J.: 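Take a look at this one; I'll ask things after.
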2 protein chains.
Amino acid sequence: MRTLKYAILGLINRHPSTGYDITKEFKAELGNFWRARHSQIYPELKRLVDEGLIEYETVIAGESLEKKVYSLKDKGREELLEWLNKDEKMVPTAKDKFRLRMYFSSNIEREDLIELLESQLRQRKEKLATLKEKMDGYSEVPQFGSQEFGDYLVLESAILREEAYVEWLERSIKRCNQSS
Amino acid sequence: MRTLKYAILGLINRHPSTGYDITKEFKAELGNFWRARHSQIYPELKRLVDEGLIEYETVIAGESLEKKVYSLKDKGREELLEWLNKDEKMVPTAKDKFRLRMYFSSNIEREDLIELLESQLRQRKEKLATLKEKMDGYSEVPQFGSQEFGDYLVLESAILREEAYVEWLERSIKRCNQSS
DNA sequence: ACGTGCATGTAAAGCGTTACATGATTAC
DNA sequence: GTAATCATGTAACGCTTTACATGCACGT
């Protein structure tokens, strides 16, 4: 499957990057939909070089700190485009430990269950607020074909997803209180 | 973390089950939020027996087919309850390969991108329809404390999640057509 | 001088999928 | 009889996390 491979190719295609840069991007916006730690990224970068998909230039920062700045080779860009254009099956919906626990909620006392739901609700609302703040940075939908268009699409996606989660939690709390 | 451990304990707590039963449950409703294959389930069951959390009785079906019917021991139920009542941090939002691809959508031609989005939309709508059919089976919110209450919560959650996905895809298609 | 962030790597263990393997039961 | 489903397991491989390990740069 090698999704990380394509995630990295996609990021390097946006602009030449170091392993550290890529690590940071997974902690930012993109982290809403894909993540990897540096311990996974550095070996993958090495592998992509071996496979002839990317190359790097060593740059010295300050006195002696070595940075490896990676950029795409033609073959890398080819494989990225191929992957992007594939019409893949719907991804089997994602795992969610909290919803799994709610499946077994009959074993939790009502007050405890409500507390758990409210704790999640607080956290989700906070997350949602952060996302909406980012959205406020857009005065309009970015131009089609720009990188910002992709940024915008996934940001909107993250917001809709969080809103749905918040809505679910609120309904669930209501159901706990209503249902005898 | 051992989430599978608790998922299995939770399922066995609902009613004594075989490995095969558990495998089926992960393919059904619960599969919207957690999944595991039989190749992961059988070894985990063995481990849970070793740990003294569950036990099994061998039952013969038909002439000679051996089934192992697992049930919870006290210690298993204890650990399940402890896990269910923990107030855990929000799960870092889940990976989604399709949204990752949309992050790089500036490299896809407009018509191709719209096709990809519409293909996903068709599949998501189909999924949503299936979920809503199941929801039609409930004439009212099940009683608090019943297993059906948990079923209901996660079904509602799955519906809200799919609706948000559908909404996002529809908006994205619109944006592709609007944005110059 | 000290702390935070920049920068790169490896090792071990755990989690998950795919493939390999086998055999009984049931409904048509 | 034969296909689908029931039923249980193992092996190999790949993906992911946690921990180990090191050193430079920059601001205060």
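All values below come from the heavy atoms of this structure, side chains included, with hydrogens, waters and symmetry mates left out. Numbers restart at 1 for each chain; the letters A, B, ... are given by sequence-line order, proteins then strands. Not measured: the values here are computed from a predicted model.
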J.: Does A:Arg37 make a side-chain N or O approach to OP1 or OP2 of D:dT16 shorter than 4.0 Å?
T.: no

J.: I need the CG-P distance between B:Leu45 and D:dG9, as an integer number of Å.
T.: 8 Å

J.: Given atom CD of A:Glu44 and atom P of D:dT17, what is their separation to the nearest angstrom?
T.: 14 Å

J.: Output yes when at least one side-chain N/O atom of B:Lys5 is less than 4.0 Å from OP1 or OP2 of C:dC15, else no.
T.: no

J.: May I ask you to decide whether A:Arg171 forms a salt bridge with A:Glu167, counting only side-chain N to carboxylate O separations under 4.0 Å?
T.: yes

J.: When you match B:Lys95 and B:Gln40 each to their closest nucleotide on DNA chain D, which lands nearer the 5' end?
T.: B:Gln40

J.: Quick one: are B:Glu79 and B:Trp83 in side-chain contact, heavy atoms under 4.5 Å?
T.: no

J.: Nearest-Å distance, OH (A:Tyr56) to P (C:dT8)?
T.: 11 Å

J.: Closest to the B:Ser39 side chain: D:dT17, C:dC15, C:dT18?
T.: C:dT18

J.: With a 3.5 Å cut-off and heavy atoms only, can you find an N or O donor on one side and an acceptor on the other between the side chain of A:Thr18 and the base of C:dT8?
T.: no

J.: Closest approach to the side chain of B:Asp21, judged atom by atom: which nucleotide of C:dT18, D:dT10, D:dA7 is it?
T.: D:dA7

J.: Just the rounded figure in Å: distance from C1' of C:dT8 to CD1 of A:Ile22.
T.: 13 Å

J.: Is the positively charged end of A:Arg14 above the ring of B:Tyr103, judged by distance under 6.0 angstrom from the centroid and angle within 45° of the axis?
T.: yes

J.: Starting at atom NZ of A:Lys67, determine the distance to atom C1' of D:dC24, rounded to an integer number of angstrom.
T.: 12 Å

J.: Side chain of B:Tyr42 only, heavy atoms from C-beta on: which candidate in C:dT8, D:dC24, D:dG9 is closest?
T.: D:dG9

J.: Report yes if at least one side-chain N or O of B:Tyr20 is closer than 4.0 Å to OP1 or OP2 of D:dC6; otherwise report no.
T.: yes

J.: Which of these nucleotides, D:dG23, C:dT10, D:dT16, is closest to any side-chain atom of A:Leu65?
T.: D:dG23

J.: Assess whether a salt bridge exists between B:Glu126 and B:Arg122, defined as any Lys/Arg side-chain N lying under 4.0 Å from an Asp/Glu carboxylate O.
T.: no

J.: From CG of B:Leu4 over to P of D:dT16, roughly how many Å is that when rounded to an integer?
T.: 18 Å

J.: Measuring from the side chain of B:His38 (C-beta onward, heavy atoms only), which nucleotide among D:dT5, C:dA11, C:dA19 has the closest atom?
T.: C:dA19

J.: Looking at B:Glu88 and A:Lys97, is any side-chain nitrogen of the basic one under 4.0 Å from a carboxylate oxygen of the acidic one?
T.: yes

J.: Identify which nucleotide among D:dC24, D:dT8, C:dG9 has an atom closest to any side-chain atom of A:Lys68, counting heavy atoms from C-beta outward.
T.: C:dG9

J.: Could you give the OH-to-P distance, from A:Tyr6 to D:dC15, as a whole number of Å?
T.: 11 Å

J.: Give, for atom CG of B:Leu9 and atom CD of B:Glu44, the distance between the pair rounded to the nearest 0.5 Å.
T.: 8.5 Å

J.: Which nucleotide, D:dT17, C:dT10, C:dC15, lies nearest any side-chain atom of B:Arg47?
T.: C:dC15

J.: Where the side chain of B:Arg2 is concerned, which of D:dT10, C:dC15, C:dT25 is the nearest nucleotide?
T.: C:dC15

J.: Looking at C:dG16, I'd like to know if its phosphate oxygens (OP1 or OP2) sit under 4.0 Å from a side-chain N or O belonging to B:Arg35.
T.: no

J.: On the nucleotide C:dT10, are OP1 or OP2 found under 4.0 Å from the side-chain N or O atoms that A:Lys46 carries?
T.: yes

J.: Between D:dA7, C:dT10, D:dG9, which one does the side chain of B:Tyr70 approach most closely?
T.: D:dG9

J.: Would you kindly give the CD1-to-P distance between A:Ile41 and C:dT8, to the nearest whole Å?
T.: 11 Å

J.: For DNA chain D, whose closest nucleotide is more 5', that of A:Ala36 or that of A:Ala61?
T.: A:Ala36

